[in-house]
A.B. asks: 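Below is a structure I'd like to ask you about.
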Amino acid sequence: MRKFGLNKKLVVALVAIIGSFLLIAFSINVRNNRQTPPIIQQFGNDAAAVVDSVVAVPLNGVKTIGNSVAALENTYQQNEQLKKQVTELGERRAENRALRQQNKQLQQELSLNHSLTAYDKITAAVVTRAPSSWQNIIVINKGSRAGIKKNQAVMSQRGLIGRIIEVNQNNSKVELLSTKDDAVDRFPVEVQNKKGTTVNGLITGYNSTTNQLIMGQVTNKDAVKVGTQVTTSGLGGITPKGLLVGKVVRVENSDYGMPAKIYIQPAADMTNLSVVTVIKR
């Protein structure tokens with residue numbers, strides 16, 4: 001029954017189409033024949049107008065759909081081009097940001113080299129910093145061929161960051177001040193107290209939470225002022241005297257009022273090391 005109904009609809013549609021064409025032909029013939037009575041000619045014109053409008057509706061619909069598809073395709077292409085431009089812009093911004101950061105660090109190292117006039121300097125780039133030893137060791141791209149030797153002090157961004165502990169021909173390992181290894185040789189440092197007297201001590205630790213170095217084994221009982229610069233003392237004959245370490249941010253006194261621990265804000269950013277300067281005594 002469903003198939004019969006479908007065939008019936010197709011027959012009706014076909015008859016309607018044939019009738020429409022016959023009506024169009026009849027209306028054109030009537031309209032163009034001057035001998036046709038006015039009433040019949042008017043009827044032919046009206047019929048032609050109706051048929052034209054019926055045929056125009058689907059044609060206009062098809063044209064509108066075609067225009068919409070073309071506009072949609074054009075919009076898609078423009079969207080893809082904008083996405084590409086946004087991606088390229090993001091890449092350029094990231095590249096420019098990296099270049100500005102590198103340029104800033106190079107300028108800082110250049111300024112450091114001008115300020116350390118009493119020493120010979122070797123500028124090197126950090127090539128390795130493993131996550132497993134992030135606070136302990138970095139590897140630089142200069143070695144014995146460039147004049148690097150064991151125990152030389154290493155600075156970055158105007159501040160001390162560590163010393164050379166291993167030298168190869170083309171690279172070297174730097175042990176950082178932020179190391180967690182308790183067996184390392186500690187840097188002897190000094191700071192002036194409120195009376196102008198030198199207070200000596202050692203860098204004995206690092207607080208990764210506050211990013212502060214800890215100066216212990218303090219030799220003087222007098223108070224130390226917050227904000228005072230801490231430098232290397234030169235004691236021990238390995239590290240040059242006067243290299244900037246950082247500034248005092250907090251003093252922890254013992255039960256007897258003596259400064260037991262002095263907390264130092266490093267002058268160098270230990271988390272961002274890409275260019276360093278090795279100090280040749």
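All residue numbers refer to positions in the sequence shown, counting from 1. Nothing here was measured: the structure is a model prediction, and the numbers come from that model.
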A.B. asks: Quick check: do K261 and M215 have side-chain heavy atoms less than 4.5 Å from each other?
C.D. replies: no
A.B. asks: Heavy atoms only: give me the nearest A267-G159 pair and the separation to one decimal.
C.D. replies: CB-CA, 3.7 Å
A.B. asks: Which side-chain N or O atoms in residues 160-169 pair as donor and acceptor under 3.5 Å with protein atoms at least two apart or in another chain?
C.D. replies:
residue	atom	partner	partner atom	Å
R163	NH1	D185	O	2.6
N168	ND2	N171	OD1	2.8
Q169	OE1	R145	NH2	3.3

A.B. asks: Is a side-chain donor or acceptor of T231 paired with a backbone partner of L243 at a separation under 3.5 angstrom?
C.D. replies: no
A.B. asks: Verify the cluster assignment for V139 and L177: are they in a single hydrophobic cluster under the rule of side-chain heavy atoms below 4.5 Å apart?
C.D. replies: no
A.B. asks: Is there a continuous path of hydrophobic side-chain contacts, each under 4.5 Å between heavy atoms, that joins Y206 to V154?
C.D. replies: yes
A.B. asks: Between S156 (side chain only) and V275 (backbone N and O only), is there a donor and an acceptor less than 3.5 Å apart?
C.D. replies: yes
A.B. asks: Decide whether L244 and V191 are clustered together by the hydrophobic rule: side chain heavy atoms of Ile, Leu, Val, Met, Phe, Trp, Tyr closer than 4.5 Å, transitively.
C.D. replies: no
A.B. asks: Can you check whether I140's main-chain N or O pairs, donor with acceptor, with S172's side chain at less than 3.5 Å?
C.D. replies: no
A.B. asks: State plainly whether one hydrophobic cluster holds both V248 and V199, where clusters connect Ile, Leu, Val, Met, Phe, Trp and Tyr through side-chain heavy atoms under 4.5 angstrom apart.
C.D. replies: yes
A.B. asks: Check whether any side-chain heavy atom of V226 lies under 4.5 Å from a side-chain heavy atom of R250, and answer yes or no.
C.D. replies: no
A.B. asks: Quick check: do I279 and Q152 have side-chain heavy atoms less than 4.5 Å from each other?
C.D. replies: no
A.B. asks: For the atom pair NZ (K194) and OG1 (T228), what is the distance rounded to the nearest 0.5 Å?
C.D. replies: 9.0 Å
A.B. asks: Measuring from atom CG of N200 to atom CD of Q217, what distance do you get when rounded to the nearest 0.5 angstrom?
C.D. replies: 11.5 Å
A.B. asks: Donor-acceptor pair, distance only, cut-off 3.5 Å: does the side chain of Q135 make one with the backbone of K180?
C.D. replies: no
A.B. asks: Taking transitive links into account, so neighbours of neighbours count too, which hydrophobic residues share a cluster with W134 at under 4.5 Å side-chain distance?
C.D. replies: none
A.B. asks: Supply the atom-to-atom distance I122 CD1 to I148 CD1, rounded to the nearest 0.5 angstrom.
C.D. replies: 3.5 Å
A.B. asks: In the single-linkage hydrophobic clustering (I, L, V, M, F, W, Y; side-chain heavy atoms under 4.5 Å), do M270 and I262 co-cluster?
C.D. replies: yes
A.B. asks: Taking side chain as C-beta onward, heavy atoms only, is K142 less than 4.5 Å from V278?
C.D. replies: no
A.B. asks: I'd like to check L202 versus P188 (side-chain heavy atoms, cut-off strictly below 4.5 Å). Are they in contact?
C.D. replies: yes
A.B. asks: Can you tell me how far the CD atom of Q192 sits from the OG1 atom of T197, to the nearest 0.5 Å?
C.D. replies: 7.5 Å
A.B. asks: Output the distance between atom CG (N170) and atom CG (N141), rounded to the nearest 0.5 Å.
C.D. replies: 9.0 Å
A.B. asks: Does any non-hydrogen side-chain atom of L176 lie less than 4.5 Å from one of I138?
C.D. replies: yes
A.B. asks: Could you identify which residues cluster with V249, counting Ile, Leu, Val, Met, Phe, Trp and Tyr as linked when any side-chain heavy atoms lie under 4.5 Å apart, either directly or through a chain of such contacts?
C.D. replies: I214, Y263
A.B. asks: Is there a side-chain contact between K121 and M155 (heavy atoms, below 4.5 Å)?
C.D. replies: no
A.B. asks: State, with a plain yes or no, whether a side-chain heavy atom of V276 is found less than 4.5 Å away from one of V174.
C.D. replies: no
A.B. asks: Got more than 12 heavy atoms from elsewhere within 6.0 Å of NZ, K173?
C.D. replies: no
